[in-house]
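A short write-up of the structure that comes next.
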2 protein chains.
Amino acid sequence: MAEPMKRLPKLPVERALKVISGRWKPVILYHVFSGPKRLSELKRMMPEITQKVLIHQLREMEEHGLVRREVFAEVPARVEYTATKLGLGLEPILLALCQWGQNHAEAQGELDELADCIVRPRHPEVIAA
Amino acid sequence: MAEPMKRLPKLPVERALKVISGRWKPVILYHVFSGPKRLSELKRMMPEITQKVLIHQLREMEEHGLVRREVFAEVPARVEYTATKLGLGLEPILLALCQWGQNHAEAQGELDELADCIVRPRHPEVIAA
DNA sequence: CTGTATCCGTGCCGATACTG
DNA sequence: CAGTATCGGCACGGATACAG
């Protein structure tokens with residue numbers, strides 16, 4: 001029973017934020033940007049996420065046109081999630097957010113040890129040119 | 001009793017998102033970007049928001065270093081909220097989000113009448129150059 | 001492997017009333 | 001004018017068990 005399709009906010013900024021904020025969406029997007037991924041792959045890439053939640057986030061992103069879900073008639077069946085054009089348009093923005101986040105962590109979180117995580121550039125690089 | 005100071009996420013993207021997502025934060029930022037604002041001014045600019053919530057959001061943004069709160073010893077006392085350098089660094093990003101949001105609305109929300117709202121450019125302008 | 005169904009804690013945020 | 005206190009709804013997301 002498909003839910004009533006929650007309306008997105010009218011204001012563009014809020015709309016965009018609504019669409020990309022979800023506990024795991026940025027990370028999922030990050031992985032999907034590098035090519036089509038199977039559910040099990042994504043699950044393996046994010047050990048901490050629950051399958052239910054992973055699927056739920058994927059469903060929302062699909063509904064919002066960020067990713068495309070494709071089922072291949074094989075045995076056993078294979079399902080791939082791919083970033084759409086619209087979704088790819090978020091890549092530079094997410095990168096910018098990432099850089100700002102690092103910047104912010106250095107400025108604010110004094111001794112805030114940054115996570116040794118994937119979703120950030122190797123070398124900080126100068127942000128404010 | 002100051003709350004335990006919730007730790008921000010370790011991943012830069014999530015950190016950034018956490019900091020800017022809040023029902024009214026983008027709008028507040030938008031207004032504050034155009035210069036220092038008093039509480040009552042902000043309240044007037046956003047009739048829909050509750051005072052309690054407005055203050056709460058401002059408090060968080062202050063704690064996260066996005067805005068600075070200044071009290072002037074006058075009679076009656078005056079309080080101004082100003083965007084910090086860190087906060088100003090978000091302006092281009094929010095603009096990008098806004099543009100992406102419009103783009104998204106056109107692509108997705110077919111007949112989604114865009115709000116006749118402040119937080120978006122007058123003329124769409126070409127996004128994908 | 002890919003999904004669904006259920007239960008439930010927690011945080012956000014709105015409404016309302018009150019204070020210096 | 002600027003701010004606090006309290007209450008309550010509701011969406012989000014985590015745990016777990018089950019199914020095609």
Side-chain angles (χ1 to χ4, degrees), chain A residues 1-9 11 14-15 17-28 32 36-64 67-82, chain B residues 1-9 11 14 17-28 31-32 36-64 67-82:
Chain A
M1 206 154 288
E3 281 140 41
M5 170 62 162
K6 296 166 191 168
R7 301 285 291 174
L8 288 173
L11 278 82
E14 296 183 349
R15 185 187 187 94
L17 280 172
K18 183 86 177 181
V19 153
I20 61 176
S21 48
R23 179 65 182 81
W24 296 96
K25 285 180 188 171
V27 187
I28 296 177
V32 146
K37 296 282 174 293
R38 305 187 51 166
L39 183 72
S40 46
E41 285 182 288
L42 289 171
K43 181 72 190 64
R44 231 174 302 119
M45 291 166 129
M46 300 171 285
E48 313 229 72
I49 197 178
T50 295
Q51 238 180 41
K52 175 209 160 184
V53 174
L54 174 55
I55 292 183
H56 190 237
Q57 306 262 309
L58 284 169
R59 284 271 145 35
E60 284 185 357
M61 294 169 69
E62 190 192 357
E63 180 181 335
H64 295 154
V67 298
R68 184 177 36 251
R69 179 175 176 273
E70 277 165 312
V71 189
F72 297 87
E74 305 175 356
V75 179
R78 182 173 47 129
V79 179
E80 277 187 3
Y81 293 91
T82 318
Chain B
M1 206 156 289
E3 282 142 39
M5 170 59 163
K6 297 166 192 168
R7 301 285 290 173
L8 289 172
L11 278 83
E14 297 183 348
L17 280 172
K18 183 87 178 183
V19 153
I20 62 175
S21 47
R23 179 66 183 81
W24 296 96
K25 285 179 188 171
V27 187
I28 296 176
H31 289 302
V32 146
K37 296 282 174 296
R38 306 187 51 163
L39 184 71
S40 46
E41 286 182 286
L42 290 171
K43 181 72 189 66
R44 230 174 304 120
M45 293 166 128
M46 301 171 285
E48 313 229 70
I49 197 178
T50 297
Q51 235 179 41
K52 175 210 161 182
V53 173
L54 173 55
I55 292 183
H56 190 235
Q57 306 261 312
L58 283 168
R59 284 273 142 45
E60 285 186 357
M61 294 170 69
E62 190 192 357
E63 179 181 335
H64 295 154
V67 298
R68 186 178 32 252
R69 179 175 176 273
E70 277 166 312
V71 188
F72 297 87
E74 304 175 356
V75 178
R78 182 171 48 126
V79 178
E80 276 187 3
Y81 293 90
T82 319

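Lettering of chains follows the sequences in order, A, B, ..., and the numbering in each one begins at 1.
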* Compare side-chain N and O positions of A:Arg78 against OP1 and OP2 of C:dT2 and report whether any pair is under 4.0 Å apart. => no

* Check whether any side-chain heavy atom of B:Leu58 sits under 4.5 Å from a side-chain heavy atom of B:Arg69, and report yes or no. => no

* About how many Å separate CG of A:Leu39 and NZ of A:Lys43, when rounded to the nearest 0.5 Å? -> 9.0 Å

* Taking C-beta and beyond as the side chain, do A:Arg38 and A:Val79 meet within less than 4.5 Å on heavy atoms? -> no

* Asked: Can you check whether A:Arg59 has a side-chain N or O nearer than 4.0 Å to OP1 or OP2 of C:dT4?
  -> yes

* To do: Side-chain contact test, heavy atoms from C-beta onward, threshold under 4.5 Å: evaluate it for A:Arg44 versus A:Glu41 and give yes or no.
  => yes

* Under 4.0 angstrom between A:Thr50 side-chain N/O and D:dT16 OP1 or OP2 -> no

* Structure fact -> A:Ile55 atom CD1 is separated from D:dC18 atom P, nearest whole Å, by 18 Å

* **DNA chain D: 5'-proximal contact among A:Lys18 and A:Gln51 (nearest heavy atom)** => A:Lys18

* To do: Indicate whether OP1 or OP2 belonging to D:dA2 is found under 4.0 Å from a side-chain N or O atom of B:Arg38.
  => yes

* Contact class for A:Val79 (heavy atom, under 4.0 Å): base, sugar-phosphate, or nothing? -> sugar-phosphate

* Asked: Would you say C:dG14 has OP1 or OP2 under 4.0 Å from some side-chain N or O of B:Trp24?
  -> yes

* Is any side-chain N or O of B:Lys52 under 3.5 Å from a base N or O of D:dT6, one able to act as donor and the other as acceptor? -> yes

